[in-house]
Structures are given as C-alpha cells and as structure tokens.
Amino acid sequence: MSVWNMTGADRVASLRESAEADSDPAGQLSDLDLLNAAYESVLREQIDTRDRYMGLTTSLRKHDEAVRAAAVHTFKGDADRYAQYAVARHMKPFDALLYRAANLPDRPGPRQIEGLHAAAERVRLELEDAGPTGDLIDPGGARHTLRTLRHAVGILAGKDGLDASDVLRLVTSALDNEPLTDIFTVADQGTPRPVPPPPGPAFAGPGWSEARGLWTYQPDDTGAHIKAYPLGEDWYLDLWSARGQLLAFGTVPEAEVATLAPALTARAGTWSNDRSDYAWRRFADTAQATRTAAAPPNRAPAPAAQRSEDARVRAATAASPSRSAAQPAAAAKPPASPPPALPAAHATPARHR
C-alpha cells in the first residue's frame, strides 16, 4: 500500500508496528498522540533539512569568494603578458608614423623634408636603444627566472643532508634559465626535514580534542558535543545532541569559540526536547547573548556637579597653559565669599552726555 493512500487507522497501525519493532516508547501512546508525535518528527526533519540547505548555501558563497580570489591571484600572475600585448598595440601607431615620415616625397620642400627625416631618425634611434617593449616590463625575463629559482629553492629547502655542489649547480642553472632535469634526483638523496606541527587554535583547552584538523568539544557532564573546523578566517561549529540530532550551527571568529562552546552545550538538553526553532537562529541568538555578556559594562556618567567642575578646570587650564598642576586645581575652588556688587550707578554706564 502506498504511503499517500493510507487511511488514518492504517497509518496508526503502521506507526505502532514500527515503534514496537524499534522498542520505541511511542508505541504505547494513544492513536492521537502517536499521530502527533509522527507529525512532530516530520516537522523536525523539515527544519533540519532547511538548516542544512542554508548551511550549504553559506558554504557555497564562501567557496565562490575563494574561487574569485584565486582567479584574481592567477590574473595578477599573468598580468605581465597582458601588459606586453597592450604596449605592443600601443606602439603600432608610432611605428606607422615613423614609416610615413621616413618615406615622405621631396615636393613639400627640401628643408622641411630634411627636418622631418631627422626627427624620424632620432625617434627610431631612441626606440632601438630602449629595446623591445617586453624588456620595459620584464627586463631579460627576470620574473620567469625568479619563479624558476623560487621553485628550485622550495624543493631543495625541505631536505637535509644534500650535497652543496649539487645545490649550487641547480641554483646556477635556474639563474641561467637552464632545464632542471635532475632536481628531484638530487632532492631524493637527502632526508626530509622535520616539520613542526601547526599550533593549536586559541580556544584549545579542557574538553577539546583534535583529529585530522577537526576539533571536538565535549564536557564530561554532558553527552552533547561540538564539532569545529576552520572556514577561512572564522570557525564553523556544529552542536550535536547525545542522540545525534543537529541542534545548532554557524560561524564565529576564533576569539569567540572558547566562550560560545560551553554556552551551546549547556543548552543542548533543552533544545533536544524542543526542536521547534531553527538551528541557525539558535546559534545566532546564543552567540549574540555571549557577546553581550562578555562586553564590558558602560561607565556610569559623572554627576552634574563634577562635570561642571571639570569644565571649569579645563577652561582655566586652557586660558593659562603655563600654570602648574596645582594652579588649575586651586582655580577650580569656589571663592570664600562672593565679590561685592557694584553700585547701581556704575552697573549701567550712561550713554548720553
């Protein structure tokens, strides 16, 4: 019987039979509760599928950015060839002008023709002295020589116990643009130089373990665990429950992993029982809450009286820069008694004669 043409009673019977075969406690539920549990399971699966789809979209976007960066890097490496082609095309009009000027007839006048011939010859000599246009950008093929030399040094630098004469011969051949036919034969005569293991990330500590570039965080008091791996400059984190449910995922900077991982695993028990929210949203909310908790508290504003007194001190200091540190403080103190008021006759001077 097709799954799309089952009646309610047949669906309940199929679900109960499957639960009893898997020793699932859901098989003891009533018909309505059993159908409700099956609906919640389908809904959770849809949420997980959407979460994975969004995660895949994010990873593809980062992959596109990496491919674009690699294409730009390759283009920069080949930019010299494009520049040489552009310079060659740029010089074509000058070559044509020189050809026309050098082959002018004598009818315009002997003196004009002589001056024009002299100018054309002078420009031609200057271009011949400058050499080919390619030499202006890459003199003597220096870039190709440097790339070949870097390749040879990179192969030989990873081996110990090589013969110095062979190394010098290969370096000289690279500088002379000669083929390096036996470079790998010489390199195989040495022993590989031990490479120190790369340093662990900043968050590596208690509860963290590493295997083939994949870091796992699992405290002793919980069955949930986090899988983390680098994704560009950030780190991608997956939170899994003890039953293998994907509870949360997302990317954060490396500096936030140490505080975010315990916060995620602490919520794993609640999230494994309540799967109604999206995994990416749970991750984003927890990361934001962790950042807010780690942010330093804002300093309380100073009282109004203190702000006004500080303003008076800054004004006194700005008015007399040569005063000592004690003078602005003394100037900030209020006078012992207010100055006497001026007489009324002097308060408003007469404006008439």
Under the 3.5 angstrom rule, does the side chain of Ser41 hit a backbone N or O of Ala37 as a donor-acceptor pair? no
Should we count CD of Glu210 as having more than 12 external heavy atoms under 6.0 Å? yes
If only atom types and distance count, is the side chain of Arg281 paired as donor or acceptor with the main-chain N or O of Asp277 below 3.5 Å? no
With no hydrogens and no angle check, is any side-chain donor or acceptor of Asp163 less than 3.5 Å from a backbone partner on Ser165? yes
To the nearest 0.5 Å, atom CG of Asp285 lies from atom CZ of Arg267 at 9.5 Å
State, yes or no, whether a side-chain contact exists between Leu34 and Arg16 at a heavy-atom distance under 4.5 Å. yes
So do the side chains of Pro194 and Asp160 get within less than 4.5 Å of each other, counting heavy atoms only? yes
By ring-ring contact (aromatic ring centres under 6.0 Å, His included), which residues pair with Tyr236, not counting sequence neighbours? Tyr229
Under a single-linkage definition using a 4.5 Å side-chain heavy-atom cutoff for Ile, Leu, Val, Met, Phe, Trp and Tyr, are Leu170 and Leu162 assigned to the same hydrophobic cluster? yes
Chi angles and distances behind the side-chain contact (heavy atoms from CB on, under 4.5 Å) call for Ile155, Phe184: CA-CA 8 Å; Ile155 294 176; Phe184 292 102; 3.7 Å; yes
To check you understand the geometry: which heavy-atom pair defines the closest contact between Thr286 and Trp271, and what is its length? OG1-CH2, 3.3 Å
Would Phe203 and Leu214 show up in the same hydrophobic cluster when neighbours are defined by side-chain heavy atoms closer than 4.5 Å? no
Minimum heavy-atom separation for Asp10 to Thr7, with atom names? OD2-OG1, 3.0 Å
Test side chain to side chain donor-acceptor pair (under 3.5 Å) on Asn177 and Thr145; report intermediate values, then the result. CA-CA 6 Å; Asn177 291 325; Thr145 302; 2.9 Å; yes
Atom CD of residue position Glu17 - does it have more than 12 heavy atoms of other residues, nucleotides or ligands inside 6.0 Å? no
Taking atom CD of Glu254 as the centre, does the number of heavy atoms from other residues, nucleotides or ligands within less than 6.0 Å exceed 12? yes
Starting from Leu231, can I reach Val257 by hopping between I/L/V/M/F/W/Y residues whose side chains sit under 4.5 Å apart? no
Go through the steps to decide whether Trp240 and Ile226 satisfy the test side-chain contact (heavy atoms from CB on, under 4.5 Å), and finish with yes or no. CA-CA 6 Å; Trp240 298 86; Ile226 290 178; over 6 Å; no
Could you walk me through whether Leu239 and Thr265 pass the side-chain contact (heavy atoms from CB on, under 4.5 Å) check? CA-CA 7 Å; Leu239 174 64; Thr265 53; 4.1 Å; yes
Do Arg291 and Val252 come within less than 4.5 Å of each other through their side chains, counting heavy atoms only? yes
Single-linkage hydrophobic cluster Leu149~Val186, side-chain heavy atoms < 4.5 angstrom: yes
Relative to each other, are the rings of Trp208 and Trp215 parallel, tilted or perpendicular (30° and 60° limits)? perpendicular
As an exercise, state the distance from CZ of Phe283 to OG1 of Thr251, rounded to the nearest 0.5 Å. 6.5 Å
Nearest heavy-atom approach of Ala224 to Pro219 is O-CD, 4.2 Å
Tightest non-hydrogen contact, residues Leu180 and Ala152, listed as CD1-CB, 3.8 Å
Can any side-chain N or O of Ser272 pair as donor or acceptor with the backbone N or O of Gly269 at less than 3.5 Å? yes
Set out, in order, the CA-CA distance, both residues' side-chain angles and the distance that settles salt bridge (Lys or Arg N to Asp or Glu O under 4.0 Å) for Asp166 and Arg169, then state yes or no. CA-CA 5 Å; Asp166 291 337; Arg169 177 177 55 81; 3.8 Å; yes
Considering non-hydrogen atoms only, spot the tightest contact between Pro206 and Tyr217 and give its length. O-CE1, 3.7 Å
When hydrophobic residues are tied together by side-chain contacts of less than 4.5 Å, even through go-betweens, does Phe249 share a cluster with Leu260? no
Does some side-chain heavy atom of Leu35 sit less than 4.5 Å from a side-chain heavy atom of Asp31? no
Atom CZ of Arg44 and atom CG of Leu246: how far apart are they, to the nearest 0.5 Å? 13.5 Å
In terms of heavy-atom contacts, Asp234 and Pro253 come closest through OD1-CA, 3.7 Å
Indicate yes or no: at least one non-hydrogen side-chain atom of Ser18 is less than 4.5 angstrom from one of Leu15. no
Asp188: side chain to side chain donor-acceptor pair (under 3.5 Å) partners, not counting sequence neighbours: none
Between Lys227 (side chain) and Asp238 (backbone), is there a donor-acceptor pair under 3.5 Å? no
